[in-house]
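Structure first, then comments.
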Amino acid sequence: MNKRLEAAIESALRSAQHDGALPQFTIPRIPASPPKRAGQGDWAYPAMGLARLARKSPLDIARLIVDRLPTLDFAGKIEIAPPGFINCTIADDYLRKQVDAALAAEEAWFQLDIGAGKRAQVEFVSANPSGPITIGHTRNAVVGDAMARLLEAAGYEVQREYYYNNAGNQMIILGKSLQLRYLQQLGEKAELPADHYQGEYLVDIARDLAAERGDSLRGESWQVFKDVAEQVMFGWIKRSLASIHIEHDAFFNETSLFESEHIWSVLEALRAKGHIYQATHWEGAGADEIADVAAKGYQPATWFRSTTFGDEKDRVMVKSDGVPTYTLPDIAYHSDKLERGFDIAVNVLGTDHFSQAQVVRHGIRALGMDPAPIEVIFLQMVRAVRWNADLGEFAAVKQSKRAGDFDTLDDLVAMTSADAVRYHMLARSPNSQLDFDVDQVVKQSNENPVYYIQNAYVRCAGIFREAAERGLGDADADLNLLGESELRFVRKALEIGNVIEQAVRHYEPQKIAFFAHELAGVFHPIYDEVRVLHSEVPAETAKARLRFYRAAQAVFRYLLGLMGMSAPERM
RNA sequence: GCCUCUGUAGCUCAGCGGACAGAGCGCCGGUCUUCUAAACCGAUGGUCGCAGGUUCGAGUCCUGCCAGGGGCGCCA
């Protein structure tokens with residue numbers, strides 16, 4: 001709608017230039033935006049931005065524009081306000097029509113076409129199968145899934161992908177850890193080294209394994225235990241994610257890149273383009289670094305000259321022992337992603353991967369590919385915190401997998417609820433750190449934004465239950481009987497399209513959470529004021545209002561769905 | 001040291017270069033004989049970390065400081 005207003009203003013400006021009222025100049029793109037205050041219309045266009053170019057006062061320019069504005073079906077009153085705003089109000093008639101339009105079109109009313117015919121991929125979670133889903137992964141999961149849902153709402157065909165590193169050292173340690181736990185179950189004295197996974201969950205798996213297989217695995221190598229651990233972990237991970245309504249379409253593992261030899265062909269491609277060299281230390285190394293390398297006695301390794309692309313130092317691709325670092329498979333994986341032809345490939349990562357993501361980008365460039373489709377949402381740290389009465393302050397609950405002391409997604413859901421976890425993890429800018437106060441989310445659950453939003457849906461459901469009992473319907477409703485308040489809600493609901501578009505264009509899925517809360521804030525006062533089943537409400541008015549609440553309920557159902565939250569009939 | 005994120009009401013946070021800076025929670029005072037009060041209404045509460053700059057206009061953009069988080073491995 002704002003786009004159409006901007007286009008109309010641009011054509012008005014052109015016509016003013018054409019008839020000589022304004023001098024010739026390139027018309028800048030000035031966005032119309034919703035004003036903060038009531039009484040300033042629904043869309044405001046600041047003509048002040050044209051004053052210098054047109055060499056006229058902003059108010060005069062606004063006048064010239066308004067006089068030449070083509071008719072717009074949604075526009076009602078159009079006013080000029082100092083210092084030079086053009087305030088456009090949406091016509092009441094248009095708003096009334098939207099009530100029926102929303103109900104007739106159902107989900108299509110919200111659907112955008114900016115992604116029509118385009119494919120998007122969201123890669124998220126991507127936790128190694130070395131333990132349960134932690135609170136950090138949970139934030140990643142919620143943000144990634146919301147992003148995917150928003151892209152779908154924008155018309156994209158979306159694939160949700162999970163990438164995991166199962167070829168590295170961590171998985172070897174995992175296998176060995178389980179092996180030792182298994183031997184402990186058989187009564188052997190086996191000590192777990194400090195760098196092994198200490199978590200109790202491995203004891204559980206070992207116990208099951210001993211129960212099922214007896215001592216038949218006593219002589220097996222760690223690989224066997226690694227495979228068992230990986231398989232069991234993935235079962236847990238998928239089940240945990242499913243508990244907050246998240247499911248991936250594809251699982252991509254690092255091992256497959258080795259099996260297909262893809263990582264080696266990528267390395268050769270880089271070498272052919274002259275970005276690879278063998279050395280004990282990188283080309284720009286200082287005296288300290290060279291001395292350090294000498295002290296460690298390293299043989300030559302394989303380096304990627306990432307400094308060519310602006311990196312601060314070159315990176316090792318293959319260690320001197322012949323084992324690749326994470327960098328090589330990561331580049332290979334992303335080149336594979338791009339070859340699959342996605343228009344957008346969103347990657348949700350913790351900010352601790354910032355440098356790594358930059359190197360991957362350099363690698364993609366070095367291969368001669370365009371990294372533009374790759375977008376990364378970096379998440380700042382999330383901590384589970386609890387009030388510590390002894391200290392008199394909030395203290396972080398540790399979440400190291402290997403230390404065996406952490407809060408998992410399962411714990412969080414058990415302590416709060418899937419809906420509360422999803423909302424609280426989503427309703428925060430990815431750029432901000434998040435302290436997830438477990439006790440607070442539980443304690444305050446009665447005054448929570450989660451319930452505030454869901455209650456809007458519930459209250460509608462209550463009206464329909466009662467109406468059905470009294471045999472009331474909304475057939476032949478005359479929407480002219482709707483009042484100012486109801487139209488205020490429709491006006492706000494119409495912003496959904498803009499919110500989704502902005503969330504998608506700027507990769508800010510949290511916007512939808514804030515918007516849902518705002519819309520509920522518009523809804524609740526109306527619910528109190530605009531009654532349906534009240535003895536003083538005339539039958540025809542009740543019908544119109546019933547239809548309005550049906551549309552409102554559809555809006556909330558849609559919004560809750562976009563956030564992966566449930567829409568309960570009762571609370 | 002370099003890179004990056006954050007700093008807005010007592011607390012947790014929104015805020016798109018535009019008009020007098022916004023919510024929720026907390027505190028204070030009101031509102032249920034009629035669709036769920038998990039709600040609503042009202043009051044209180046701000047030198048937008050500090051200092052410059054760009055602009056007709058800066059919480060928003062630029063530079064420099066200050067404070068806090070994260071990252072800078074032949075780890076994964």
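Computed from a predicted structure; not experimentally measured. In what follows, chains are A, B, ... by sequence order, proteins preceding strands, each numbered from 1.
For Asn166(A) and A76(B), a side-chain-to-base donor-acceptor distance below 3.5 Å is absent, hydrogens and geometry of angles not being considered.
Between Phe354(A) and Phe378(A), the ring planes lie tilted relative to each other; the angle falls in the 30° to 60° range.
Within the structure, a side-chain polar atom (N or O) of Ser432(A) is placed less than 4.0 Å from OP1 or OP2 of A14(B). Listed pair Asn431(A) / U6(B) meets the phosphate criterion, a side-chain N or O lying under 4.0 Å from OP1 or OP2. Within the structure, every side-chain polar atom (N or O) of Arg459(A) is placed at least 4.0 Å from both OP1 and OP2 of A39(B). Taking side-chain N and O atoms only, Lys296(A) has no distance below 4.0 Å to OP1 or OP2 of G73(B). Applying the 4.0 Å criterion to OP1 and OP2 of C3(B), one finds that Lys313(A) has every side-chain N and O outside that range.
The heavy-atom pair separating Gly473(A) from Lys543(A) by the smallest distance is O-CG, 3.3 Å.
Comparing Asp321(A) and Ala427(A) against RNA chain B, the residue whose closest nucleotide sits nearer the 5' end is Ala427(A).
Base orientation at C32(B) is syn, since its O4'-C1' glycosidic dihedral falls within 90° of 0. Base orientation of C20(B): syn, since the glycosidic angle falls within 90° of 0.
Note: Phe234(A) and Phe251(A) meet the aromatic proximity criterion, with ring centroids under 6.0 Å apart.
Side-chain proximity of Tyr298(A) to U36(B), A19(B), C75(B): nearest is C75(B). For Tyr452(A), counting side-chain heavy atoms from C-beta on, the closest listed nucleotide (C2(B), A39(B), G69(B)) is A39(B).
G42(B) and U36(B) have their C1' atoms separated by 24 Å, with the value rounded to a whole Å.
Annotation: cation-pi geometry not satisfied between Arg305(A) and Phe309(A) (NZ/CZ under 6.0 angstrom from ring centroid, within 45° of ring axis).
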